[in-house]
Amino acid sequence: MIKSTSLFLKKNKQFNNLIIYGVGQGFNLITPLLVVPYIVSICGVANYGKISIAMAIFFFLMVFIDYGSDIVGVKEIAVNRENPNQLEKIFITTFSTKFILLLVTLFFSSLLFYFVPFFNSERTLFFLGLPILVGQFINPTWYLQGIENFKWITILTIVSKLIYLFGIFFFIHQKADYIFINLFWGIGTIIANMIPFIYLIKKNSFSFRNTIKEEVILLLKSNFSLFSSQIFVSLQMYAPIMLIGFFGNNLLAGNYKIVEQIIVIFKTYIYLFFNFVYPRVCYLLESNIQKGLRFWKTYNGLNFIFILLSMIVLFLFSFQIVTYFSKTEVIQISSLLQLAVLIPILLAISIPFKQLVLGFNHQKFYIRITMIMVVINLLAMMIIIPYFKLIGVFSTLIITELITICIYYYNVKEKFKLNKTV
């Protein structure tokens, strides 16, 4: 029995990768369960709202540094994984471009934090969070995803979160310490991402001296449309708490973040699962559409069942779960959580369809739909927040996701019919 199991694990590389990746992402998902109750108890819900608004802004700014490499770069590495020359070209061109974008982003965000009153009132908090952008610049996860090296992804995930946990529990002891929390996140990402970044350069003998200026310019031009769509995706993810902070207050933002932090564990997992499956889906669709769709159905189907069961548990035990994170306004927050559990369920459907839309090279369609839906979503929130507060925010997110699923399905349904996989 033991020998047969060992033989299965050796032969089934995809299963091995899933186990390795799952360990790292499991650690990634546990981290908020450890730190959020501690942060809220020490710093208070209002300051937790401030921290969350700042973090949302940094996550939004990451899009400018990634510039579509998390999608285009992954696919290019996956398709050219057997071509060392192409791998070096993609690696050095992408990171050279990201370095330029990092400098530009740091410059303009610093001006924003210093001169705009909304940010200037908490400028220390925002400036101490800038290392998060540096850590994202050296983040080689997109490359590791392309070559399906999930071992290193797991290592950098665990190391970064351990450093973050160490910083929180050893240095955050009073209410005013909230300004340092995002700094520890940045330090963790810099140290953890530097390890595989240097490893990849030395192992593959990559040299930035081979960077071609024309290739950097070409990447900036070719990725611009996808980058534009990713801005809208990022806005959809992080703008709600910014709008709540702007149109509401820090306490309301803190309550929203508590609910969001609970479901974001599963949202993050869904996006990470996308990162795990996406390279293989692209690779298989290039060679055998029917095999690629079969792989897509199997993995995403099992993942949907897991998410559905998890959300049922969250719905049934919402009060007890919220009590773990906060001791105030528990009934109100638990009611919001029961509504919000629909979001991960819908994401577990829409994200797999997104894989197919991108895998079939329907980037223009994806970009157009993404921009339209995000604009509609944000406009609806700005109208609804003053009247329906957080219920309006979650309801808008749910309706938007439902519409997105229908649009994605309409785009790829012919592929299912042609290959008789449904």
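These numbers were taken from a predicted model, which means no experiment stands behind them.
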At their closest point, which heavy atom of [X] faces which heavy atom of [Y], and how far apart are they?
X	Y	value
Pro240	Leu397	CG-CD2, 4.4 Å
Ser334	Val322	CA-CG2, 3.7 Å
Ala192	Leu156	CB-O, 3.2 Å
Leu87	Arg81	CD1-O, 3.6 Å
Leu390	Leu336	CD1-CD1, 3.6 Å
Asn182	Gly129	CB-CA, 4.3 Å

So, taking the atom named [atom1] in [X] and the one named [atom2] in [Y], what distance separates them when rounded to the nearest 0.5 Å?
X	Y	atom1	atom2	answer
Glu401	Ile351	CD	CD1	6.5 Å
Ile39	Ile181	CD1	CD1	4.0 Å
Ile65	Phe227	CD1	CZ	10.5 Å
Ile321	Leu316	CD1	CG	9.0 Å
Met62	Lys98	CE	NZ	10.0 Å
Ser318	Leu339	OG	CG	11.5 Å

For residues [X] and [Y], determine if any side-chain heavy atom of one lies less than 4.5 Å from a side-chain heavy atom of the other.
X	Y	value
Lys267	Glu260	yes
Phe58	Ser109	no
Tyr67	Leu220	yes
Leu293	Leu356	yes
Leu165	Leu34	yes
Val357	Ile369	no
Ile399	Ile403	yes
Asn193	Ser160	no

Neighbour count >12 (heavy atoms, 6.0 Å) for atom [atom1], [X]:
X	atom1	value
Ile391	CD1	no
Phe206	CZ	yes
Phe208	CZ	yes
Ile331	CD1	no
Glu82	CD	no
Tyr114	OH	no

Next on the checklist: Set out, in order, the CA-CA distance, both residues' side-chain angles and the distance that settles side-chain hydrogen bond (donor to acceptor under 3.5 Å, both in side chains) for Ser96 and Thr211, then state yes or no.
Outcome noted: CA-CA 7 Å; Ser96 296; Thr211 304; 3.2 Å; yes

inquiry  = Quiz question: by atom type and distance under 3.5 Å, do the side chains of Tyr48 and Gln261 form a donor-acceptor pair?
reply    = yes

(Q) Side chains of Thr404 and Ser350 only: does a donor on one sit below 3.5 Å from an acceptor on the other? (A) no

The residue among Phe91, Tyr199, Trp152 that forms ring pair (Phe, Tyr, Trp, His ring centres under 6.0 Å) with Tyr143 is Phe91

**Request:** Using the side-chain hydrogen bond (donor to acceptor under 3.5 Å, both in side chains) rule, take Asn210 and Glu88 through it: C-alpha gap first, then chi angles, then the decisive distance, then the call.
**Result:** CA-CA 9 Å; Asn210 297 327; Glu88 180 181 28; 3.1 Å; yes

- Message: Tyr178 vs Glu122, test: side-chain contact (heavy atoms from CB on, under 4.5 Å). Steps then yes/no.
- Response: CA-CA 11 Å; Tyr178 74 93; Glu122 291 289 341; 2.6 Å; yes

Parallel, tilted or perpendicular, as decided by the 30° and 60° cut-offs, for the rings of [Y] and [X]:
X	Y	value
Phe126	Phe119	perpendicular
Trp185	Phe59	perpendicular
Phe113	Phe127	perpendicular
Tyr256	Phe394	parallel

Let's go through Thr189 and Gln136 carefully: what are the C-alpha distance in whole Å and the side-chain angles of both, what is the deciding distance for side-chain contact (heavy atoms from CB on, under 4.5 Å) to 0.1 Å, and is it a yes or a no?
CA-CA 7 Å; Thr189 56; Gln136 188 63 18; over 6 Å; no

_Short side-chain to backbone donor-acceptor contact, Asn204 and Leu200, under 3.5 Å_ = yes

Worked check of side-chain contact (heavy atoms from CB on, under 4.5 Å) between Phe388 and Ser395
CA-CA 10 Å; Phe388 298 100; Ser395 298; over 6 Å; no

query: Between Phe137 and Thr105, is a side-chain contact (heavy atoms from CB on, under 4.5 Å) present by the stated rule, with each step listed?
result: CA-CA 11 Å; Phe137 154 64; Thr105 304; over 6 Å; no

inquiry  = Aromatic contact between Phe60 and Tyr238, with the criterion being ring centroids under 6.0 Å apart: yes or no?
reply    = no

